[in-house]
Amino acid sequence: MKRKIFALVGAGTLAVSLAACGDDDGGGGGAKGGEGESWTLGTTDSVTAVDPAGSYDLGSSTLEYNIYQTLVTVPANSTEIVGDAAESCTYDDPQTLTCTLKPGLKFSNGNDLTSSDVKYSFERAINIQDPNGAAIYLLGSITDSADDGTVTLTDGAIETPDDTTVIFHLDHPDTTFQYVLTYPGAAAIVDEDVFPADEKLADEDVIGSGPYKLSQYEAGVQAVLERNEEYTGDNTGGASQVFIQYFAEASALKLAIENEEVDVAWRSLAPTDITDLQENPDVTVASGKGSEIRYWVFRVDKGAAKDVAIRQAAAQVFDRDAISTTAYDGTVDPLYSIVPPGYAGQKDAFSEKYGTPNVEAAQQILDDAGIETPVKLTVGWTPTHYGPAAEDEANELQRQLEDSGLFDVELKSTEWEQYQTIYKEGAYDLWMLGWFPDYPDADNYLSPFVVDGGFFQNGYSNPDANALVTQEQASADAAVREDAFGQLQDIVANDVPFIPSWVGQNTGIYGPGMDGVEDTLDPSFIFRFWLVTKNS
């Protein structure tokens, strides 16, 4: 089955989005206050690839949002789409989207950016089809999927009649395809004269047309961004240089912000570190609305969790309150659906089905299915990518499952770059993942997860779920969509291809002289370097 990832929004929202698409505001405006000093961001996030064809993770996209342009973008604290490289993007009909590029666009090397580069960028990302990239998962409206899983660009899907015009011919009505164009992992524009067609470019060699250019890069150590003097958009950075320093341990990041070795600490400090820093008068701890979620994925087509009763029993003993308290010091909220609160159509389906944690009820589920206990589970987690509390959560989950007497858990940890490959290959029966939204709609927490194994390729497939995704994607009626969302969440609670764990805020800590940090702490988790300045 072809992957269909994007959904229709309500007619009112669509009208606003399309009206804003050619807006001159360009994504939130540039940094305030003119030229500022260079500043340093510290983070424990890891980077999979700086070439957008090979990444679908926050650490990578943090660099990509600042190095590359996409056709359109979403400003901070907004759901409206505005122009980035495109002057306008207009739906001629629900299956045809025409984008007109701004005049005079150039890459940081001085090469012109034309419609040919835009088309090439989509073609190469799909052709490379890196399993850790986003293109093969998010471009369902312009791709075909073979039975063996190979994804190809649909014939005639992208037309470039002249140097400034790009026309997307979608294979089904999809008036939110504009949202996919805002995400760099699927839609960043690269220079066809620099990026090879059939393989990723080395991280240190990438170039783009965004407000900053990459001048130095050492994986796991540091990235240095310089203002792109060829950039003519609306998001010109206030600092001539931005340094991104990567930390293996949250404790080292905490020490760095305390000692003013970094100006901003963003992702991810231990909850106890954040609490401690709130008492430090030399730094500011700021939080914006967040839609980050953590969840656990089951391998459902083979291995120990193939039987749905085993997955249901695990869901029946899963104690989110204990995870929030024990692993995160109460800084996150329990999550009872893969869709976080605040999205239209959200419902606490896991709470409705399982109630409070109950070992006796879990035992009954397994007894009724004739399953002998304890069930052996291999559980995976990654030690750096999600911060230090990830280990505490993994240990707490192991304790819960084993204390029930129903499970025998072997914990295994692997660093992120290998982790995101081997979990797709069946290394674990159950594994930890996190999610940040690609676009502000409940569909973004459902279709990428439930349609034919989802982006994490866990072997799950339910025809009813697939049909509901198709239904909600094809409707502009809010009531129809919300009903489909509710049914999808009920199906997930029953089939348990994954277990939602918690939802958290977007938190950053910054030192003296910093301005604009709080402007970019929004639910999108895009850190917009151009909004941030430092002045002594």
Side-chain angles (χ1 to χ4, degrees), residues 1-14 94-95 134 136-145 149 151 170-180 291 293 295-301 308 311-312 315 335-354 433 435 437-500 503:
M1 178 179 174
K2 173 180 269 192
R3 292 182 174 90
K4 305 292 186 183
I5 299 300
F6 289 89
L8 294 171
V9 293
T13 303
L14 176 61
Q95 288 185 239
I136 58 176
Y137 309 115
L138 295 184
L139 294 173
S141 295
I142 58 172
T143 57
D144 296 307
S145 296
V151 180
L170 313 181
D171 66 2
H172 67 288
D174 184 358
T175 51
T176 60
F177 181 73
Q178 57 184 322
Y179 277 114
V180 76
S291 50
I293 67 169
Y295 58 102
W296 292 85
V297 182
F298 277 110
R299 178 99 248 157
V300 305
D301 57 345
V308 66
R311 306 194 300 271
Q312 290 176 338
L335 182 65
Y336 295 93
S337 169
I338 201 68
V339 181
Y343 286 83
Q346 191 272 348
K347 66 183 298 187
D348 289 339
F350 275 78
S351 178
E352 292 178 9
K353 182 168 179 62
Y354 300 103
L433 283 179
W435 184 257
D438 302 314
Y439 53 93
D441 187 87
D443 175 81
N444 191 227
Y445 289 87
L446 288 165
S447 58
F449 295 76
V450 303
V451 175
D452 291 340
F455 78 93
F456 36 63
Q457 300 176 34
N458 71 333
Y460 177 70
S461 183
N462 183 317
D464 292 335
N466 290 346
L468 284 165
V469 168
T470 300
Q471 178 185 338
E472 58 93 356
Q473 288 177 340
S475 178
D477 187 321
V480 170
R481 298 192 71 231
E482 289 179 23
D483 180 69
F485 289 151
Q487 292 184 62
L488 279 164
Q489 290 166 89
D490 287 338
I491 288 173
V492 167
N494 183 72
D495 293 353
V496 200
F498 40 78
I499 300 176
V503 58

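All heavy atoms count here, side chains included; hydrogens, waters and symmetry mates do not. Quantities reported herein were computed from a predicted structural model and do not represent experimental measurements.
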- Task: Apply side chain to side chain contact (heavy atoms under 4.5 Å, CB included) to Val492 and Val450, showing your working.
- Result: CA-CA 8 Å; Val492 167; Val450 303; 3.7 Å; yes
Separation between OG (Ser447) and CG (Asn466), nearest 0.5 Å, reads 10.5 Å
Interatomic distance, CD1@Ile338 vs CD@Gln346, rounded to 0.5 Å, equals 11.0 Å
Return the set of residues passing side-chain contact (heavy atoms from CB on, under 4.5 Å) with [X] (not counting sequence neighbours), or none when no residue passes.
| X | value |
| --- | --- |
| Asp301 | Arg299 |
| Lys347 | Ala349, Glu352, Gln489, Asp490 |
| Asp495 | Tyr460, Asn462, Ile491, Pro497 |

Of the non-hydrogen atoms in [X] and [Y], which two are nearest, and what is the gap between them?
| X | Y | result |
| --- | --- | --- |
| Pro341 | Val503 | CD-CG1, 4.4 Å |
| Val339 | Ala442 | CG1-CB, 4.0 Å |
| Asn444 | Pro437 | OD1-CA, 3.2 Å |
| Asp443 | Pro448 | O-CD, 3.3 Å |
| Pro340 | Leu335 | CA-CD1, 3.8 Å |
| Ala493 | Lys353 | O-CD, 3.4 Å |

* Would you please test Phe485 and Leu468 for side chain to side chain contact (heavy atoms under 4.5 Å, CB included) and show each step? => CA-CA 8 Å; Phe485 289 151; Leu468 284 165; over 6 Å; no
Are the side chains of [X] and [Y] in touch, meaning some heavy atoms are under 4.5 Å apart?
| X | Y | value |
| --- | --- | --- |
| Asp441 | Arg481 | yes |
| Val496 | Phe350 | yes |
| Tyr137 | Val151 | no |
| Gln95 | Asp171 | no |
| Leu446 | Tyr343 | no |

Under 3.5 Å, is there a donor on one side chain and an acceptor on the other for Asp348 and Ser337? no
Exercise for review: Apply the test side chain to side chain contact (heavy atoms under 4.5 Å, CB included) to residues Gln312 and Asn494: give CA-CA distance (whole Å), side-chain angles for both, the deciding distance (0.1 Å), then the verdict.
Suggested key: CA-CA 7 Å; Gln312 290 176 338; Asn494 183 72; 3.5 Å; yes
Test item: Asn458 side-chain N/O and Phe298 main-chain N/O as donor-acceptor pair under 3.5 Å
yes
Residue set satisfying side chain to side chain donor-acceptor pair (under 3.5 Å) with Tyr445, at least two apart, ordered chain then number -> Ser291
Glu482 meets the side chain to side chain donor-acceptor pair (under 3.5 Å) criterion, sequence neighbours left out, with none
With sequence neighbours left out, the residues meeting ring pair (Phe, Tyr, Trp, His ring centres under 6.0 Å) with Phe449 are Tyr295, Trp435, Phe455, Phe456, Phe498
